[in-house]
Trainee: 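I have a structure I would like to understand better, so I am pasting it below and will then ask my questions one at a time.
Position 1 is the first residue of the sequence; numbering continues from there. Values in this document were obtained by computation on a predicted structure and should not be read as measured data.
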Amino acid sequence: MSNLKELCSGLPLDPMPSNRGRDPSVPHAPVRTPNLTPKEERLALRNALRYFPPSHHNILAAEFAQELRQYGHIYMYRFCPLIHMRAYPIDQYPCRTRQAASIMLMIMNNLDHAVAQFPQELVTYGGNGQVFSNWAQFRLVMYYLSEMTEEQTLVMYSGHPAGLFPSLPSSPRAIITNGMVIPNYSSREQYEKMFALGVSMYGQMTAGSYCYIGPQGIVHGTMLTVLNAGRRYLGSDDLRGRVLVTSGLGGMSGAQAKAAVIAGCVGVIAEVDEVPLRKRHEQGWLMEVTSDIEHYRPSDFVFYREAKRSKTPLSLGYHGNIVDLWERLLTEYERTGELLVDLGSDQTSLHNPFSGGYYPAQLSLHQANQLMATDPARFKTVVQESLCRQVAAINKLSEAGMFFWDYGNAFLLEAQRAGAEVEKEGGGATEFRYPSYVQHIMGDIFSLGFGPFRWVCTSGDPRDLTLTDDIAATVLEEISANVTERVRQQYNDNIRWIREAGKHSMVVGSQARILYSDQKGRVCIALAINQAIADRRAPVVISRDHHDVSGTDSPFRETSNVYDGSAFCADMAVQNFVGDAFRGATWVSLHNGGGVGWGEVMNGGFGLLLDGTEEAAKRASLMLNWDVSNGVARRCWSGNSNAYETIQRTMEEQRQLRVTMPYPVQDEDVLDRALQG
């Protein structure tokens, strides 16, 4: 408790902590290359010093300048706290309101060393998903939250706390925006400069909104994707003996191994960096690890074939480059005629392809990190050559019968930009040779109103998580008795998930859980949990991934199955952010970038504290209903039949809801005659 009080006392200036620099025992972000001019370097330094009184400038200016030139950004390592960063029980935070304490808990979970990808650079996941831009911002935010009353709101500008402003008790306690850049200047190159200057930030999705719950947050969605890929591509719910090959074991991608096993298949996941690979193995997310390329030599593949033959669920982490693995699988197919892979995808961080998100096959990890820092233009060329090799192997394996999909990480988008053969003949602006998982799988689920609903037990007690798991499963079982068959299948998948969740050891960091639910399920689960809190349980934070029904406008992912021309419009995500704010959220966020990358996406999220009160129940009901209906209504208007049926049923249940419904063109000849005339 005393350590938390000290942490929340503001910037430590008298005396300042010693400058320990980077901790060699934790992984670090790659060196950034903003290519600042001397004038811009001066501005970056001036901007960083604004947080400190002039009496400290002589000392800090020199070390900040060194950080800028050595790492491409001023992280202010001197002010990185020594406290064990984790989600402490909510009652331990020195706050005037539990709403503020809940935000502090979630922030510290995002920076927990067991959770964060590069904790000292304040990166939670995705290679560059920042919680804050520097450690001065973190300390000021914790101070402001400890002082906040229920008539104040913390305003966050891309990691920078603008301050506490008077507001209403019904207002959000924090309003967060990340990367809100004028559209014509929202390029990747401009971002690198703005981040180095300390004036903008890439918050990914749940990194900058303080709602990340570790790789569990994506496990469930990945499991549902794999299950539904089996149903669609392989015609079966039974994935035993089927092989999924993919890549990435870092932040979000770390979920793939666990999801493959839960889905029942053999998952082979390539990872070039041994640190996250070993981390996932130690956490129990990977069953086996190998760096022995002999397991995949063309003359052998004994281990691989045995895993298929035995039909035993297995997750195998391969320490090596995914391109090499794809090419070896192709060589083996060409040699024997045996296709050893059924399903394929990719989860490298291609939203950030030239700054550590993708490592080319031609270089070792160390060589790649050196080249991206010393010769970014050459590194870009090597990355694009590697992408072309990767696509060439995937194309040939797909022609042989493998089913491949894009996992919304900009793989096909960047491959297209690299010149790889991914064009779809006659395809639209968001279509490629292979579908995105939203176009073929998750888009229909979103249109039914299902998406990633999550909660965090603020007590930190696993028994509370077990209780909420049981509450959620019971609620879904009751609802599922009176729904259509298609909706019931989604409920059954999620009931199975939540009933088995405890045995899969998925908690990393806070005591959190995720499941996919529709609008009615989310509201009912939240109200049931709130009632349990009223019966003397600790508060619970409810939230969701931004990757959801309404939260994200992303033409190459979440809205890639919107075909009325509005896939590149962002009204839905912005409206969702605003609507959540005045319907009861404890905090809200709106981000540029996330998933597919900077300038490609607009997305937002929320956190809402359930404290057992009637007010919390009212907020949860009002906000969660809007948070789903908004996206279903938009998808309905775009012409999605699932969304049409879903919003129609919702209007029948909620008499105050009135949605503008589309009339389809039933006779295409009408258009032909009109245009020919």
Trainee: In terms of heavy-atom contacts, does CD1 of I182 have more than 12 from other residues, nucleotides or ligands at under 6.0 Å?
Mentor: no
Trainee: Do S447 and N640 have a side chain donor and acceptor closer than 3.5 Å?
Mentor: yes
Trainee: Pick out which of T246, T225, T222 makes a side chain to side chain donor-acceptor pair (under 3.5 Å) with Q256.
Mentor: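 The single option meeting the side chain to side chain donor-acceptor pair (under 3.5 Å) with Q256 is T246.
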Trainee: Before accepting this row, confirm whether a basic side-chain N of the pair R417/E600 lies closer than 4.0 Å to the acidic partner's carboxylate O.
Mentor: yes
Trainee: So, does Q190 use its side chain to make a donor-acceptor pair with the main chain of S187 at under 3.5 Å?
Mentor: no
Trainee: For residues V245 and V341, report the shortest heavy-atom separation together with the two atoms involved.
Mentor: CG2-CG2, 3.6 Å
Trainee: Do you know which two heavy atoms are closest between Y125 and T206, and how far apart they sit?
Mentor: OH-N, 3.1 Å
Trainee: Tell me if the aromatic rings of F404 and F411 count as close, with their centers under 6.0 Å from one another.
Mentor: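 They qualify: ring centres under 6.0 Å apart.
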Trainee: Is atom CD of E421 surrounded by more than 12 heavy atoms (other residues, nucleotides or ligands) closer than 6.0 Å?
Mentor: no
Trainee: Answer yes or no: is there a side-chain heavy-atom contact under 4.5 Å between T290 and E288?
Mentor: no
Trainee: Is it true that R634 and D564 have a side-chain N and a carboxylate O under 4.0 angstrom from each other?
Mentor: no
Trainee: Would you please indicate if the ring centroids of F453 and H547 are separated by under 6.0 Å?
Mentor: no
Trainee: Is the shortest side-chain heavy-atom distance between N642 and R486 below 4.5 Å?
Mentor: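 They are in contact (side-chain heavy atoms under 4.5 Å apart), so the answer is yes.
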Trainee: First locate atom CG of N395, then atom CG of L330, and finally report the distance between them rounded to the nearest 0.5 Å.
Mentor: 10.5 Å
Trainee: If only atom types and distance count, is the side chain of H73 paired as donor or acceptor with the main-chain N or O of S133 below 3.5 Å?
Mentor: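 Looks like yes, one N/O pair under 3.5 Å.
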Trainee: Does a salt bridge link R433 with E423, judged by any charged N lying under 4.0 Å from a carboxylate O?
Mentor: no
Trainee: If we count only N and O atoms by modelled type, under 3.5 Å, do the side chains of N352 and Y358 hold a donor and an acceptor together?
Mentor: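 Judged by distance alone, the side chains do not pair up.
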Trainee: How long is the span from the CD1 atom in I394 to the CD1 atom in I322, to the nearest 0.5 Å?
Mentor: 7.5 Å
Trainee: Is there a donor in the side chain of N576 and an acceptor in the side chain of D627, or the other way round, less than 3.5 Å apart?
Mentor: yes
Trainee: Check whether any side-chain N or O of S398 sits under 3.5 Å from a backbone N or O of F403 as a donor-acceptor pair, and report yes or no.
Mentor: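 Not confirmed, S398 side chain does not pair with F403 backbone.
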Trainee: Going by distance alone, is a donor N or O of one side chain under 3.5 Å from an acceptor N or O of the other, for S436 and S560?
Mentor: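 The answer is yes; a qualifying pair exists.
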Trainee: Testing the basics here: between I514 and W497, what is the closest heavy-atom pair and its distance to 0.1 Å?
Mentor: O-NE1, 2.6 Å
Trainee: Strictly under 6.0 Å, is that where the ring centroids of Y516 and F450 end up?
Mentor: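 No.
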Trainee: Are N494 and H220 linked by a side-chain donor-acceptor pair shorter than 3.5 Å?
Mentor: yes
Trainee: Under a 4.5 Å cut-off applied to non-hydrogen side-chain atoms, are I269 and L244 in contact?
Mentor: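 Heavy-atom side-chain distance check fails, nothing below 4.5 Å.
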Trainee: Taking the side chain as everything from C-beta on, heavy atoms only, tell me whether V243 gets closer than 4.5 Å to C265.
Mentor: no
Trainee: Is it the case that atom OH in Y333 sees more than 12 heavy atoms from other parts of the structure closer than 6.0 Å?
Mentor: no
Trainee: Verify the ring-centre separation between Y434 and W405: is it less than 6.0 angstrom?
Mentor: no
Trainee: Is the CZ atom of F568 crowded by more than 12 outside heavy atoms at less than 6.0 Å?
Mentor: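 Counting other residues, nucleotides and ligands, CZ of F568 exceeds 12 neighbours.
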Trainee: Using distance alone, with no hydrogens and no angle criterion, decide if R635 and T559 have a side-chain donor and acceptor under 3.5 Å apart.
Mentor: no
Trainee: Shortest non-hydrogen contact from P662 to P664?
Mentor: O-CD, 3.8 Å
Trainee: May I ask you to test the R188-H351 pair for a side-chain heavy-atom distance under 4.5 Å?
Mentor: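 No, every pair of side-chain atoms sits at 4.5 Å or beyond.
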Trainee: Would you say the ring centers of H591 and Y202 fall short of 6.0 Å from each other?
Mentor: no
Trainee: Evaluate the side-chain proximity of Q362 to R389: yes if any heavy-atom separation is below 4.5 Å, no if none is.
Mentor: yes
Trainee: Do NZ/NE/NH1/NH2 and the carboxylate oxygens of D238 and K311 come within less than 4.0 Å?
Mentor: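 A salt bridge is absent here (no side-chain N lies under 4.0 Å from a carboxylate O).
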Trainee: Could you tell me whether the side chain of E271 and the main chain of D273 form a donor-acceptor pair under 3.5 Å?
Mentor: yes
Trainee: Charged N to carboxylate O below 4.0 Å: is that the case for K308 and D342?
Mentor: yes
